[in-house]
Structure formats: C-alpha cells, structure tokens
Number of protein chains: 2
Amino acid sequence: MTPDVPEPAPSRPVGRPPRPGLPAGSGLTSSRARRGPRSGGDTVTGRVFSILEVFDHDHTALTLTEIARAAALPVSTAHRLVGELAGWGALERGGDGAYRIGLRLWEVGSLAPRSIGLRERAMPFLEDLYEATRQNVQLAVRDGHEGVYVERLAHPDAVRLLSRVGGRWPLHGTGVGQVLLAFAPPVVQESVLASTLTSFTARTITDPAVLRRTLAGIRRDGVAVCDGMIDLASLSVAAPVRGEADAVVAAISVVVPSPSTPGGIEPRTLVPAVRAAARGISRALGAPTPTRTQRAVRPEVPRPSS
Amino acid sequence: MTPDVPEPAPSRPVGRPPRPGLPAGSGLTSSRARRGPRSGGDTVTGRVFSILEVFDHDHTALTLTEIARAAALPVSTAHRLVGELAGWGALERGGDGAYRIGLRLWEVGSLAPRSIGLRERAMPFLEDLYEATRQNVQLAVRDGHEGVYVERLAHPDAVRLLSRVGGRWPLHGTGVGQVLLAFAPPVVQESVLASTLTSFTARTITDPAVLRRTLAGIRRDGVAVCDGMIDLASLSVAAPVRGEADAVVAAISVVVPSPSTPGGIEPRTLVPAVRAAARGISRALGAPTPTRTQRAVRPEVPRPSS
DNA sequence: CCTTTGCTTCCGGTGGACGGAAGCCAGCCT
DNA sequence: AGGCTGGCTTCCGTCCACCGGAAGCAAAGG
C-alpha cells in the first residue's frame, strides 16, 4: 500500500458551485422527461449527494419533506433514497422522525488522509501549543478557494471564533487561509487575486495588490499575522505545515484577542511558538529539510508505528 | 429546527455484517441477471456504499482495480461510480492514481451530531482531564455491539493504545465499552451477554456471569475500572456521559499504565477526576440532575417520564 | 366533523445504469 | 524488438431498477 502522503490532490475543479439557496416552493420539477439540467442530480449518486449536501452546520436535523424540498427531489424519491442511506448508517433517524448524519458516515469520513492522517500527527504539537497559550489553536487545509478547518482546540474563555471544525472560510480573510494561499499553486493564487475579495471587517484585505504583497511577505517570513480581518477583536498568527515533498499541505494558527482590545496580546511573542509547532508537525509528516535556519535539529527517534 | 439531542437512534439493526473478507479472485459475478444475492449492492446506493466500505484504517489508499475487486464490482462499473464519487469529492485521486477518502466526505461526516455535537461540548473537559493526567483520554459512543471512538487525546509518551479515532471495539473488552454496555437498553445487554465474548488478553472477561456482575457494579458505582483486558499493560477508568433525557449517550475514559507494570498508576486516584469530567460534559449536554452523590442516597425527585 | 401536513406504499413506463468488449498505455520479461 | 501482463478508460446495446405520480394513512389542528 502506498503511504498516505497528504497530497495536493489535483482531482476535482477548484471551487464547488455554491448551494442553490433552497428554492423553497416550486414542487414542479416533475416528469422525468422534463427534468431540466439540474445542478447535481441526474444520476443516482448525484441525487444521493444532493441529499447529503442539504445538511450543514445550521441544518443538522431535517425531516423527510425538508430534505426533499431542499434537494429538489420528489418526496417519494427522497423517501426511498433517504431510506437506503439510513439503512446503511449514512443517516440516522431520531425519535422525532428527523434525519441526521449518521455515525457510519462520520466513520468513513474520518478515514480521509487529509483530516485524520494529518490530525493524528499534528495533535501532540497542537496540544503543546494550546497549553502554552491557553487560547485557540487551529489546523486547516486548503480545498479550492477555501480553507477547511480540520482541528481546533479552544479554551472556553478564549476569544470566540467564527470558524468551526469542518467549516470553510475564504482564503484571503484568515491567518491559515493566507498561509495556504501564499503557498498554493500559482493558478490558485491568481484565480483568487482575480476574484472579488469579500470584506468581513474594515481591516479585511480587499485590494488584490495589497494581498499580493502580503502573500509575498508570508512566503518570506514563513508566518502570517492577521489582525482583525474577520473579526475585529481577534488576531491570528499562522504558519505553514509541509509534507513529504516539502509542499505546504496545511497551516496552523493561534488566535488571541487583538492587541487593540483590552487584554489583547502582542503577536510577536507568539510567532516563535507557532513556527516551532508548525516545524514539528512538518517533521512528523516527513518533510525533508527542517528549514536551514535552525542548525542541528536532530530528528527524534521514530516511534514504532502502532 | 429541533435541537441536536444525540439520541439512541433506534434505526438500523445492531451490528453490521462483517466485511466479506475480500474475495480476491472470482471476477465472475457477471450478467446482471445472474447477479446472485450480493451483500449490499443490488441498488446503486448499495454499490456506492460497498465501495466506501472498502476503505478502512489499513486501506486508506486504493487503486481502481483494488476497489473493484474488494467491492465485488466489475471494473467498468466501479470506474463509473468511483468517478462520480471523486467528482463530488467523496473520494480524491492522488498523483499516484490511488483513491482516498475525500475531504468533502469528511466534512459532511463531521456533521454527525453524535460525533461533532458531542465532541464540541466535551472537548474542554477532555482537555482538562488530559492536562491533569497527561495520559490518554478517550470519548466513545455505542453503535450496536461496538464502541466507536469519537475523540482521543494522547500524550506521545503515554501508553500506546490500540484504539483510534473512528475505530471500533467490542463493548465487553474496554472501559468505555463496559460503561456503554452497562447503561445500554436491556435487549442489547442480553444480546451481548448471549454472544461469544472474544478474549484479548488473559484478563478479558469472557464469562457472561462475571460480565453481568461487573456491569451491575458499574451501574452502582458510576465508574468502570478495566485492568489489562485488551492490553495487559494498560488500565482504563471510564464513566458515563448523560444527555438531555438523562440517558447515557457516551462514555469517557482515561487510560494509564497498569499498576502491575513499572510506573503503573493506582486507579483510585483517577476516579474522581474522570467522574467529575463526565459529569461536567453531561451538564454541558443538558442532562438534568447532576447525579446523586455517593452518600446521602436521598431518593431524587422522580424524573418526569419522557 | 373536515382539513392540512407529512410520511409511506404501490406500480407501470422508460431512460439511465450496467458491464462485456475493445482500445490504450506502462512496465516487464525474454 | 516483440510479446505479454496488468491496470485504466471508453464505448454502446440491452434491460431492469429507478422514478415519481397517485393513493392510502396517521396525526395534529380547527
């Protein structure tokens, strides 16, 4: 079996089409023949996916009719498919009749190398980082034009974050996102730079030229400091995590209260810790040279893998 | 939207059929008509699932032919389905041509209330517990006759565990498992007690009578101490986590070196911490009464029968 | 009582899934 | 080179499983 190197995965085209905002009414898509070019449901698997896509963080429990409506499927069809999904365990039906994502689906999902494989090796370092700062620590990978948060440790008293495990954010607005973008293939960078950079706060970078300069700075320093770009009260310090081929496969960050707020923290103090953790994870992932700055970073004895 | 109460989920029948151990040869299942009663693949979704089921912890990257063989599907069929899966992001194709579970699937999977919903609220307590012990901390739920590990914090220097996030273990052999079993519906308990209790070490409970007594003890004490039942070198202390309806929805445990080994730890010292953490999580989940204390067994107010 | 809303079952028509076969490409052996 | 193997992809005719309207149920509400 080939080793589980989390790789760039050049597979599907970047950027999924945004979910068609729940048409609500219009139960008129009938008669197989008349079925127009629907988004993603002209094949059975497509319909199944359109059902799964209906669930998100704000909709974790849905009734059959809600699913049918949101997926633009006739109720009877949805009924059958949902039944099959539930039979396998991809969905679970609660006592209230509502369907939720099932444990079985979570199980196979957790086999994704880009989540668990990465997560497992990163955890020890994230924990150290967490303990040192007692704030928010995050781990994210890139998928298309977005950063996907794979892991997060959050102190209950730390700054409240808008991100969540399993959530997505545009690359240009977050610390991890900027890092991932800075080291993404040129095509992706240009594509993002050419797109409209949505603004979240007054400090969000929306000027492509500024962003371009920022990315260059990140590449130079190996660290990103992102103050109040998504939430004025919080500041994040992020660094790249490299994999086997020395490619950047992930990014980690620490999020603390912005120094412009009471109790805020000066980012400078965090940089070394974040950098060190990122380097540690990279080493654990098998990245080649641990950067040439640090001398004599003797690789630790490889643990006997299970 | 109904609240995400992680509930027993009486949906699918307990215990999935074990994977049919990769038939290897026999590419003879041809001619749609002759297709005999195959395990789970007479419907499109069934075939899709049989593909997903091919992946497990020891097989996270598979080529098309491997998938086809393992799922007992003709290559061309597998090719089409796998293509659709990859197109959506349920699978990802690496540069080496092998398929892996995709990030997108992980994303929807992470919406499972029994994993993330639970995990999110439990994390802070698990972290405290982890920090207090600097050993292994685990969170698990029950699915059929098995415990599924939902989260785990492990110190690199702690005892090596056999369990993994996303992994399964029979209920009778582990600390969390015994807790989950002790509070499972009677049907499940009897079913497990009636089945063959596979032995992992010399100390694994294999006698139904002993197990029954152990479970009663766990119900009485609200804690399980499980020494060397799955690995002679490790001991686990586990406690139940209760949800809204006061039902046990999960279990947590701390795993430390067994006192019978050098550097072993006396379980007694851990019990209060584990119990406290479990109670904390229960409270965060909305469990009603924080359990009656050890002494002063004052009969609590009769719960409103749901 | 009737109405509404949501879930489940049924069943005939048909279009999409199916999979054998053939074409391709790389690697390997002789 | 030439042949061979093993894996991946494309093609296309057959046929059956999927589809979804319709009808039947059950519960909630007026």
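In what follows, every chain begins at residue 1, and chains take the letters A, B, ... in the order their sequences are listed. The structure displayed is predicted, hence computed values, not measured ones.
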Open item on the list: Is there a side-chain contact between B:D143 and B:R114 in this structure, where contact means two heavy atoms from C-beta onward sitting under 4.5 Å apart?
Closed with: yes
TODO: Taking only the side-chain heavy atoms of B:Y99 (C-beta and beyond), determine which of D:dC19, C:dT8, D:dT9 contains the nearest atom.
DONE: D:dT9
- [ ] Rounded to the nearest angstrom, tell me the gap between atom CG in B:L64 and atom C1' in C:dG19.
- [x] 13 Å
Open item on the list: According to side chain to side chain donor-acceptor pair (under 3.5 Å), does anything in residues 71-84 of chain A pair up with another residue at least two apart or in another chain? List the pairs.
Closed with: A:E84-B:T43, A:E84-B:T45
- [ ] To the nearest 0.5 angstrom, please state how far the CD atom of B:Q189 sits from the CZ atom of B:F183.
- [x] 9.5 Å
- [ ] Output yes when at least one side-chain N/O atom of A:R80 is less than 4.0 Å from OP1 or OP2 of D:dG20, else no.
- [x] no
Open item on the list: Between C1' on D:dC16 and CG on B:D42, what's the gap in Å once rounded to a whole number?
Closed with: 12 Å
- [ ] Take the protein atom CD1 of A:I51 and the nucleotide atom C1' of D:dC18, then report the distance between them rounded to whole Å.
- [x] 13 Å
Open item on the list: Of the listed nucleotides (C:dA17, D:dG21, C:dG20), which one gets closest to any side-chain atom of B:P74?
Closed with: C:dG20
TODO: Write down the distance between CD (A:E66) and C1' (C:dT5), rounded to a whole number of angstrom.
DONE: 12 Å
Task: Atom-to-atom span, CG of B:L62 to P of D:dG6 - whole angstrom - done: 19 Å
TODO: Calculate the interatomic distance between B:R47 atom CZ and D:dC16 atom C1'; express it in whole Å.
DONE: 11 Å
Open item on the list: Could you check whether the side chain of B:T63 and the base of D:dG7 have a donor-acceptor pair of N or O atoms closer than 3.5 Å, going by distance alone?
Closed with: no
TODO: With sequence neighbours left out, write down each residue that passes side chain to side chain contact (heavy atoms under 4.5 Å, CB included) with B:S282, or none if nothing qualifies.
DONE: B:V241, B:R242, B:A287
Task: Whole-Å gap separating P (C:dG6) and NE2 (A:H79) - done: 15 Å
